[in-house]
Amino acid sequence: MCVCICMCLENNLKMAKSVELKNPHLNAMNSDYLYHLNINVPNTKDTSEFQKQFGDVRVVCAGGTKSRMYELALHFRDLLKIKKEDSEIVDLSESGHRYALFKVGPILCASHGVGSSTFSVVLHELLKLVKYAKCDDPVFIRVGTCGGVGVPPGTVVVTKNAYNGLLRNEHEIFILGERVVRPAKFPQNVIKDILAYGASGDDDFQIISGNTMSTDCFYEGQGRIDGAICEYDENAKMSFLKKCHELGICNIEMEATMFASVTYHAGVKAADVCVTLINRLNGDQVEITMETKKTYESRPFLVVGRYVKKLLEGTT
């Protein structure tokens with residue numbers, strides 16, 4: 001059985017300032033332990049103390065690894081000119097041994113692991129965190145790396161619409177034995193603002209908006225021929241990748257459809273900003289040097305940092 005849930009994007013963007021999640025059961029809970037973040041909300045009826053710690057959060061950034069999110073937190077601290085003595089960057093979730101969470105002024109930087117399944121876990125808990133903290137209209141941004149499709153390595157791609165492995169602009173999840181399908185869209189106004197404010201005339205790389213394919217597998221799911229298993233040939237792979245390109249798909253990764261779907265359904269603003277490490281039309285192996293990889297990985301930091309600075313200044 002397929003349950004299709006469709007909502008009007010315009011209505012979704014006319015959201016209240018504070019986050020109101022679509023789970024009535026949360027209202028019946030007296031406390032809520034965000035288990036994977038190892039953060040406790042002891043009294044959900046009075047979150048005044050919780051608001052003191054997280055209520056100023058305006059932006060929640062997420063990326064694959066703890067080290068990358070730590071580097072992003074350092075970047076934000078420098079960008080916002082926050083003194084080191086006023087903002088010691090510590091992992092608020094370290095004792096949970098699962099995810100990392102850093103707070104720099106009004107910004108949270110969280111690790112999400114690899115793929116939609118691990119990201120989904122922490123995303124649910126981050127959404128509940130901003131709800132309980134009564135954060136004012138927060139924006140969720142994923143920052144990561146990806147494979148390009150017809151674009152050169154080093155290109156920063158801001159996702160327009162997210163496609164699944166069937167090349168459909170939707171995300172599916174199995175709930176109570178049923179297949180539930182939801183739209184996988186990002187707010188166009190956020191994309192436009194990131195493109196407008198994230199670029200600089202001094203950049204030596206491109207920033208584009210394009211569709212993204214998100215898969216559950218790095219190898220077969222993305223049409224690679226260098227995995228442990230492969231039952232198709234090079235021609236079949238190239239035919240599929242060219243079909244992706246014709247749909248306006250500029251990059252492939254493993255989180256966008258879930259991320260777009262959950263944030264869209266929850267009614268929060270979100271964006272996915274990734275840098276390409278390879279052009280998949282030219283091969284499967286990432287062959288750039290570690291130094292080049294590090295340079296590329298810093299590019300989404302620059303783009304998102306400029307956007308966030310404008311956001312906090314109230315100019316977006």
Side-chain angles (χ1 to χ4, degrees), residues 61-65 67-69 71-72 75 112-116 119 141-165 167 169 184 186 190-191 194-195 198-200 202-227 237-238 240-260 270-307:
C61 289
T65 66
S67 60
R68 193 181 301 168
M69 290 302 97
E71 291 296 325
L72 182 58
H75 177 71
H112 64 58
V114 178
S116 292
F119 189 13
I141 306 174
R142 192 182 97 76
V143 179
T145 59
C146 61
V149 182
V151 298
T155 302
V156 174
V157 180
V158 183
T159 300
K160 182 179 179 181
N161 290 313
Y163 287 72
N164 62 19
L167 301 184
N169 180 207
F186 290 107
V190 178
I191 296 170
I194 292 175
L195 293 173
S200 169
D202 297 329
D203 290 335
D204 58 354
F205 58 91
Q206 281 189 310
I207 305 171
I208 64 173
S209 176
N211 296 327
T212 297
M213 182 175 78
S214 181
T215 69
D216 294 329
C217 171
F218 182 81
Y219 288 98
E220 291 179 286
Q222 297 186 16
R224 282 185 164 84
I225 60 173
D226 60 345
K237 179 193 83 170
M238 292 305 299
F240 175 72
L241 291 176
K242 288 176 181 177
K243 185 178 181 180
C244 291
H245 191 52
E246 291 170 358
L247 288 173
I249 291 173
C250 295
N251 63 328
I252 305 174
E253 43 91 281
M254 299 178 67
E255 293 85 12
T257 52
M258 182 283 301
F259 182 42
D272 197 301
V273 182
C274 292
V275 65
T276 61
L277 300 182
I278 185 177
N279 181 357
R280 288 293 314 286
L281 297 183
N282 295 333
D284 296 337
Q285 292 272 310
V286 178
E287 297 178 342
I288 58 176
T289 65
M290 289 303 297
E291 182 179 357
T292 299
K293 180 175 180 288
K294 187 172 182 179
T295 298
Y296 287 175
E297 287 178 347
S298 69
R299 291 177 177 178
F301 290 9
L302 294 174
V303 173
V304 172
R306 293 165 185 157
Y307 163 75

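Bear in mind that the values here come from a model prediction, so they are computed numbers and not experimental data.
- With respect to V303, the side chain to side chain contact (heavy atoms under 4.5 Å, CB included) criterion is satisfied by exactly one of I141, V143, V275, V156: V156.
- Side-chain contact between L167 and F240: present, with at least one pair of heavy atoms (C-beta onward) separated by less than 4.5 Å.
- Considering only heavy atoms from C-beta on, K237 comes within 4.5 Å of D284 through its side chain.
- At distances below 3.5 Å, at least one donor-acceptor pair connects side-chain atoms of R224 with backbone N or O atoms of F218.
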Open item on the list: The test is side chain to side chain donor-acceptor pair (under 3.5 Å); show your working for S214 and E253 and say whether it passes.
Closed with: CA-CA 5 Å; S214 181; E253 43 91 281; 3.2 Å; yes

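- Judged by distance alone, with hydrogens and angles left aside, the side-chain atoms of R280 form a donor-acceptor pair with the main-chain N or O of Q222 at under 3.5 Å.
- Of all heavy-atom pairs spanning T159 and N161, the tightest one is CG2-O, 3.6 Å.
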- [ ] Test D226 against Q285 for side-chain contact (heavy atoms from CB on, under 4.5 Å), laying out the working first.
- [x] CA-CA 8 Å; D226 60 345; Q285 292 272 310; 2.6 Å; yes

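- The distance from atom CG of L281 to atom CE of M238, rounded to the nearest 0.5 Å, is 5.0 Å.
- Between atom SG of residue C146 and atom CE of residue M254 there is a gap of 13.0 Å, rounded to the nearest 0.5 Å.
- Within a 6.0 Å sphere centred on CG of N169, heavy atoms belonging to other residues, nucleotides or ligands number more than 12.
- Here the side chain of R299 pairs a donor or acceptor atom with the backbone of G154 at under 3.5 angstrom.
- Atom CE of residue M290 and atom OG1 of residue T295 lie 11.0 Å apart, to the nearest 0.5 angstrom.
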- [ ] Check the pair K293, E297 against salt bridge (Lys or Arg N to Asp or Glu O under 4.0 Å), reporting the backbone distance first and the verdict last.
- [x] CA-CA 6 Å; K293 180 175 180 288; E297 287 178 347; 2.5 Å; yes

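- With hydrogens and angles disregarded, a donor-acceptor distance shorter than 3.5 Å links the side chain of E255 to the backbone of G115.
- Between T212 and A256, the closest heavy-atom pair is CG2-CB, 3.9 Å.
- Using a 4.5 Å cut-off on side-chain heavy atoms (C-beta onward), R142 and F119 make contact.
- Distance alone, capped at 3.5 Å, is enough to place a donor-acceptor pair between the T276 side chain and the T155 backbone.
- Heavy-atom minimum distance, C61 versus L72: CB-CD2, 3.8 Å.
- The distance from the CD1 atom of I191 to the CG atom of D272 is 9.5 Å, given to the nearest 0.5 Å.
- In this structure, V273 and I207 have side chains that are not in contact, with every pair of non-hydrogen atoms separated by 4.5 Å or more.
- Here the closest heavy-atom approach between residue A62 and residue M69 is recorded as C-SD, 3.8 Å.
- How far CG of N211 is from NE2 of H245: 12.0 Å, rounded to the nearest 0.5 Å.
- Side-chain contact between R68 and T145 is present, with at least one heavy-atom pair separated by less than 4.5 Å.
- Between the CG atom of N251 and the CD1 atom of I278 there is a distance of 13.0 Å, given to the nearest 0.5 Å.
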